[in-house]
Enquirer: 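Quick one: the structure is below, and I'll ask about it shortly.
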There are 2 protein chains.
Amino acid sequence: MLSKKTKYAFHALTYLGKHRDQKTVLIQDISEEYGISHKFLENILLELKKAGILGSKKGKGGGYYLIKDPKDIPLSKVIRLLDGPIALLPCVSLNYYEPCVECKDESKCGLKNVMIQVRDEMLNILENKTLADILDKE
Amino acid sequence: MLSKKTKYAFHALTYLGKHRDQKTVLIQDISEEYGISHKFLENILLELKKAGILGSKKGKGGGYYLIKDPKDIPLSKVIRLLDGPIALLPCVSLNYYEPCVECKDESKCGLKNVMIQVRDEMLNILENKTLADILDKE
DNA sequence: ATAAAACCTATAAAAATTATAGGGTTAATG
DNA sequence: CATTAACCCTATAATTTTTATAGGTTTTAT
């Protein structure tokens, strides 16, 4: 399951996408809309900013805004940023690979093949679906 | 990511599948093979037994054995048993559904559609691949 | 100057996962 | 029939991860 952090990030991005007409959006607006703690959300938005997804303006009248076109924000990027690996096992993760300590010979692990399939199917969707697809439905 | 519990369950089932010629297999044999704590594994095997996947024999000379044909043990069953939901969001889980508290109107959530797709692709593999498929590769 | 807002880092609280502990029950065997 | 080996059961401890809070810093509009 996705963490709350990731889910909240999606909600925030959706909200920002819906309000692209205005220059900036306040953390507070988003946190009130979804009932998310202001401070918790603040950390999430900061991460999204550092990852180059959001821009911000400090000071009075400031706030956050989307810095990219929604269609250029794949869902996989957000998940990886806040949740880490998408794969079900560390040994088949493309971005967060780690060997399974209990596996003597990874090439002989029968699980691995299936988990690669699962990963690829997940990525096939999550790399190609973007924030734009979410916005379309709302 | 799958929990260690689930991963260990798969390892144990694989081991049991490989040793179907013998009447029973000791917890200890499995725990030594994979370097898993005996007691931790014991709990896992108990759960698999209660779920009707394994049988056991108590007392001296006892142990565990597969009670089902490997091809009748879909991977999804093991994951759900030990890890819970396969879906990425509670609101699209078939077996562990829960609404997202922050969603005022679930039917208007743009995330939901994509997450249903992801779930279905995952299930398409995990419901159809079985322990037999894992054993084939080992 | 003041107020409003993001920025930053640390820490606390809660929850989930992983692991251990210890006795109970069952059954084979000499 | 005593002993030993094995699973059974439940509780709790330890660890890790996630979630949340706290409090000050910097920036900017007015």
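Lettering of chains follows the sequences in order, A, B, ..., and the numbering in each one begins at 1.
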Enquirer: Is any side-chain nitrogen or oxygen of A/Lys49 closer than 4.0 Å to OP1 or OP2 of C/dC7?
Expert: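 Answer is yes, contact under 4.0 Å.
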
Enquirer: Both B/Leu2 and A/Tyr64 contact DNA chain C. Taking the nearest nucleotide for each, which residue is further toward the 5' end?
Expert: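 Comparing both residues, the 5'-ward one is A/Tyr64.
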
Enquirer: Can a side-chain donor-acceptor contact be found between A/Gln28 and A/Glu32 if the only test is distance below 3.5 angstrom?
Expert: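 Judged by distance alone, the side chains do pair up.
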
Enquirer: For A/Leu54 and C/dA6, give me the distance from atom CG to atom P, rounded to whole Å.
Expert: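 Going from A/Leu54 (CG) to C/dA6 (P), I get 12 Å.
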
Enquirer: Determine the contact category for B/Lys50: base if any of its heavy atoms lies under 4.0 Å from a base atom, sugar-phosphate if only primed atoms, P, OP1 or OP2 are that close, otherwise nothing.
Expert: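 Sugar-phosphate, no base atom in range.
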
Enquirer: Tell me the interatomic distance from B/Ile79, atom CD1, to C/dT17, atom C1', rounded to whole angstroms.
Expert: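 Roughly 17 Å, once rounded to whole Å.
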
Enquirer: Could you check A/Leu41 against A/Lys57 and say which one's nearest nucleotide on DNA chain D is further toward the 5' end?
Expert: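 The answer here is A/Leu41.
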
Enquirer: If a pair means Watson-Crick or G-U wobble with both distances below 3.5 Å, what does DNA chain C look like in dot-bracket form, with | marking bases paired to a different strand?
Expert: ||||||||||||||||||||||||||||||

Enquirer: At their closest point, which heavy atom of A/Leu82 faces which heavy atom of A/Ala9, and how far apart are they?
Expert: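 Heavy-atom minimum between the residues: CD1-CB, 3.1 Å.
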
Enquirer: For a 4.0 angstrom threshold against heavy atoms of chain A, report the outermost contacting nucleotides of DNA chain D in 5' to 3' order.
Expert: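 So the contact region on DNA chain D extends D/dT19 to D/dA29.
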
Enquirer: Could you go step by step and tell me if A/His11 and A/Tyr15 meet the ring pair (Phe, Tyr, Trp, His ring centres under 6.0 Å) rule?
Expert: CA-CA 6 Å; A/His11 286 320; A/Tyr15 190 93; over 10 Å; no

Enquirer: Between the side chains of B/Glu127 and B/Lys77, is the shortest nitrogen-to-carboxylate-oxygen separation below 4.0 Å, so that they form an ion pair?
Expert: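 No, B/Lys77 and B/Glu127 are not salt-bridged.
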
Enquirer: Can you check side-chain contact (heavy atoms from CB on, under 4.5 Å) on B/Val78 and B/Phe10, steps first, answer last?
Expert: CA-CA 8 Å; B/Val78 179; B/Phe10 280 128; 3.7 Å; yes

Enquirer: Do NZ/NE/NH1/NH2 and the carboxylate oxygens of B/Glu42 and B/Lys39 come within less than 4.0 Å?
Expert: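 Yes, this pair counts.
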
Enquirer: So, is B/Tyr8 near the phosphate of C/dT17, with a side-chain N or O under 4.0 Å from OP1 or OP2?
Expert: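 Indeed not, no polar side-chain atom of B/Tyr8 lies that close.
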
Enquirer: Taking all atoms of both residues into account, what is the closest heavy-atom pair of A/Asp83 and A/Leu2, and its distance?
Expert: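 So the two residues come closest at OD2-CA, 3.3 Å.
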
Enquirer: Could you pick out which residue, B/His38 or A/Lys5, lies toward the 5' side of DNA chain D when each is mapped onto its nearest nucleotide?
Expert: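 Of the two residues, B/His38 wins.
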
Enquirer: Looking at DNA chain D, which of residues 19-33 of chain A put a heavy atom within less than 4.0 Å of it?
Expert: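 Those residues: none at all.
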
Enquirer: In this structure, how many angstroms lie between the P atom of C/dC8 and the CG atom of A/Leu45, rounded?
Expert: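 Result: 13 Å.
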
Enquirer: Whether the side chain of B/Lys39 and the base of C/dG22 hold a donor-acceptor pair under 3.5 Å is what I'd like checked.
Expert: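 Looking at the base of C/dG22, it does pair with a donor or acceptor on the side chain of B/Lys39 (distance under 3.5 Å).
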
Enquirer: Would you kindly give the CZ-to-P distance between B/Phe40 and C/dA21, to the nearest whole Å?
Expert: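 Spelled out: CZ on B/Phe40 to P on C/dA21 is 15 Å.
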
Enquirer: Give the rounded distance in Å between these two atoms: CD of B/Glu47 and P of C/dT17.
Expert: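 One finds 12 Å between P of C/dT17 and CD of B/Glu47, rounded.
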
Enquirer: For B/Glu102, is there an ion pair with A/Lys7 - N to carboxylate O distance below 4.0 angstrom?
Expert: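 Yes.
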
Enquirer: Starting from P on C/dC7, measure out to NZ on A/Lys60 and report it in whole angstrom.
Expert: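 Spelled out: NZ on A/Lys60 to P on C/dC7 is 18 Å.
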
Enquirer: Please round to the nearest 0.5 Å and tell me the distance separating atom NZ of B/Lys71 and atom OG1 of B/Thr130.
Expert: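 Here the interatomic distance stands at 8.5 Å.
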
Enquirer: Under a 3.5 Å cutoff, is there a donor and acceptor pairing between the side chains of B/Thr24 and B/Lys57?
Expert: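 Side chains of B/Thr24 and B/Lys57: no pair found under 3.5 Å.
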
Enquirer: Is the number of heavy atoms from other residues, nucleotides or ligands under 6.0 Å of A/Gln22 CD greater than 12?
Expert: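 Atom CD in A/Gln22 is crowded, with more than 12 foreign heavy atoms closer than 6.0 Å.
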
Enquirer: Do NZ/NE/NH1/NH2 and the carboxylate oxygens of B/Lys112 and B/Glu106 come within less than 4.0 Å?
Expert: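 So B/Lys112 pairs with B/Glu106 through a salt bridge.
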
